[in-house]
Amino acid sequence: MKKQILTLATILFLCVSAFAQNGMTQFEQLPATAQEFVKTYFNDYKVQYIFSDREFADVDYKIRFEDGTEIEFNAKGEWTDVSSKQKCIPTGFILKEITDFVEANHKNMCITDVEREFNRIKIELNDNLEIEFNNKGKLISYDD
């Protein structure tokens, strides 16, 4: 019985500790890479909030701007997802092969969401068309 209580207490402590470390964060607390990314590509945007999500030794960050645009960063400060429900996002950080593909094949469309995974990059256009590329910018698939 003591062993079960001790195990339960340990689990509860870890959950509370993890939850307590999540929350609002200041811009200056972001990794330098994330700060530079925001200053370079989203300098004119007004930050609504910055949230940190800690899981054991890892931490992710989410910035939400007043217009609804959101950026997610990993612990190293590398962007993992940039999205906007209302407007086109800046594209200077997206592989040139991808932006060139969109310009050539989807005139008058713009990117509203880009998500970077281990070896894939998924974009969504303002007509809700999703396009998937490998990490070198080569087309993999379409999904509408």
Side-chain angles (χ1 to χ4, degrees), residues 4 6-144:
Q4 290 175 332
L6 182 60
T7 301
L8 183 59
T10 302
I11 291 171
L12 183 61
F13 174 76
L14 290 174
C15 289
V16 170
S17 295
F19 181 74
Q21 294 177 349
N22 292 339
M24 303 308 253
T25 301
Q26 297 298 315
F27 185 79
E28 296 75 23
Q29 294 172 308
L30 291 172
T33 306
Q35 290 182 36
E36 188 60 35
F37 180 87
V38 172
K39 288 175 185 175
T40 301
Y41 301 106
F42 295 86
N43 197 39
D44 295 336
Y45 288 60
K46 294 191 188 287
V47 173
Q48 184 175 23
Y49 67 80
I50 302 173
F51 187 81
S52 64
D53 182 20
R54 298 182 193 281
E55 293 183 20
F56 299 105
D58 202 16
V59 62
D60 295 323
Y61 301 93
K62 177 188 271 189
I63 297 178
R64 182 176 174 91
F65 297 100
E66 289 181 354
D67 71 349
T69 302
E70 293 181 348
I71 308 172
E72 294 180 21
F73 296 99
N74 62 21
K76 295 178 184 176
E78 301 165 332
W79 69 270
T80 57
D81 191 4
V82 179
S83 64
S84 176
K85 303 293 183 218
Q86 299 178 10
K87 63 182 188 178
C88 303
I89 60 172
T91 59
F93 60 94
I94 300 173
L95 289 174
K96 184 168 177 14
E97 292 82 0
I98 294 173
T99 57
D100 287 350
F101 180 89
V102 171
E103 287 177 23
N105 297 288
H106 300 280
K107 294 189 184 326
N108 302 320
M109 294 288 115
C110 67
I111 298 172
T112 58
D113 187 8
V114 59
E115 181 179 353
R116 181 169 55 183
E117 296 176 355
F118 173 68
N119 60 355
R120 298 184 191 275
I121 298 171
K122 296 177 187 177
I123 65 167
E124 185 173 329
L125 303 179
N126 57 330
D127 66 352
N128 295 321
L129 179 66
E130 294 179 9
I131 310 172
E132 189 171 348
F133 299 86
N134 68 16
N135 59 359
K136 296 189 188 299
K138 300 286 185 194
L139 176 67
I140 294 176
S141 67
Y142 275 93
D143 187 17
D144 53 355

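With Arg120 contributing its side chain and Glu132 its backbone, the two residues share no donor-acceptor pair below 3.5 Å. Side chain of Thr91 to backbone of Ile94: no donor-acceptor contact under 3.5 angstrom is found.
In terms of heavy-atom proximity, Ile98 sits nearest to Gly137 at CG1-CA, 3.9 Å. Closest non-hydrogen pair, Met109 versus Val102, comes out as O-CG1, 4.3 Å. Scanning all heavy atoms of the two residues, the minimum distance from Thr33 to Gly77 falls at CG2-O, 3.6 Å. The two residues Ser83 and Ile89 come nearest to each other via the heavy atoms C-CG2, 4.2 Å. The two residues Ala75 and Pro31 come nearest to each other via the heavy atoms O-CG, 3.5 Å. The two residues Ser52 and Val59 come nearest to each other via the heavy atoms CB-CG2, 4.1 Å.
Looking at Phe133 and Ile123, their side chains come closer than 4.5 Å, going by heavy atoms from C-beta outward. Using a 4.5 Å cut-off on side-chain heavy atoms (C-beta onward), Asp60 and Thr80 make no contact. Under the 4.5 Å side-chain criterion, counting only non-hydrogen atoms from C-beta, Pro90 is in contact with Tyr45. Between His106 and Leu129, some side-chain heavy-atom pair lies under the 4.5 Å cut-off. Val114 is not listed as a side-chain neighbour of Asp81, based on a closest heavy-atom distance of 4.5 Å or more. In this structure the side chain of Val82 reaches within 4.5 angstrom of the side chain of Phe42, judged on heavy atoms. A heavy-atom distance below 4.5 Å is found between the side chains of Leu125 and Ile111. Side chains of Thr40 and Phe93 form no contact here, defined as non-hydrogen atoms less than 4.5 Å apart.
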Checklist entry - Does the side chain to side chain contact (heavy atoms under 4.5 Å, CB included) test come out yes or no for Lys85 and Glu70, once each step is laid out? => result CA-CA 9 Å; Lys85 303 293 183 218; Glu70 293 181 348; over 6 Å; no

Item to check | Stepwise side chain to side chain contact (heavy atoms under 4.5 Å, CB included) check, Ile71 with Phe65 | outcome: CA-CA 9 Å; Ile71 308 172; Phe65 297 100; 3.6 Å; yes

Next on the checklist: For a side chain to side chain contact (heavy atoms under 4.5 Å, CB included) check, start with the C-alpha distance between Glu117 and Lys122, then their side-chain angles and the critical distance, and finish with the verdict.
Outcome noted: CA-CA 8 Å; Glu117 296 176 355; Lys122 296 177 187 177; 3.6 Å; yes

Next on the checklist: Does Arg64 form a side chain to side chain contact (heavy atoms under 4.5 Å, CB included) with Tyr49? I'd like the steps, not just the answer.
Outcome noted: CA-CA 5 Å; Arg64 182 176 174 91; Tyr49 67 80; 3.3 Å; yes

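Remark: Asp53 CG to Thr25 OG1 distance equals 10.0 Å, nearest 0.5 Å. Here Lys138 contributes atom NZ and Ile140 contributes atom CD1; the two are 11.5 Å apart, rounded to the nearest 0.5 Å. Here the CG atom belonging to Asn135 is positioned 6.5 Å from the CD1 atom belonging to Ile121, to the nearest 0.5 angstrom. Note that CG of Asp113 and CD of Glu130 are 8.0 Å apart. Values are rounded to the nearest 0.5 Å. Here the straight-line distance linking atom CD of Glu124 with atom CD of Glu115 works out to 10.5 Å at 0.5 Å rounding.
The number of heavy atoms from other shown groups lying within 6.0 Å of CD (Glu66) is above 12.
Remark: Lys39 pairs with Phe27, Gln35 by the side-chain contact (heavy atoms from CB on, under 4.5 Å) rule, at least two apart or across chains.
At least one test fails for Lys76 against the ring of Phe37: distance under 6.0 Å to the centre or angle within 45° of the axis.
When ring centroids are compared, Tyr61 and Phe51 stay outside the 6.0 Å threshold.
Aromatic ring orientation, Phe101 versus Tyr142: tilted (interplanar angle from 30° to 60°).
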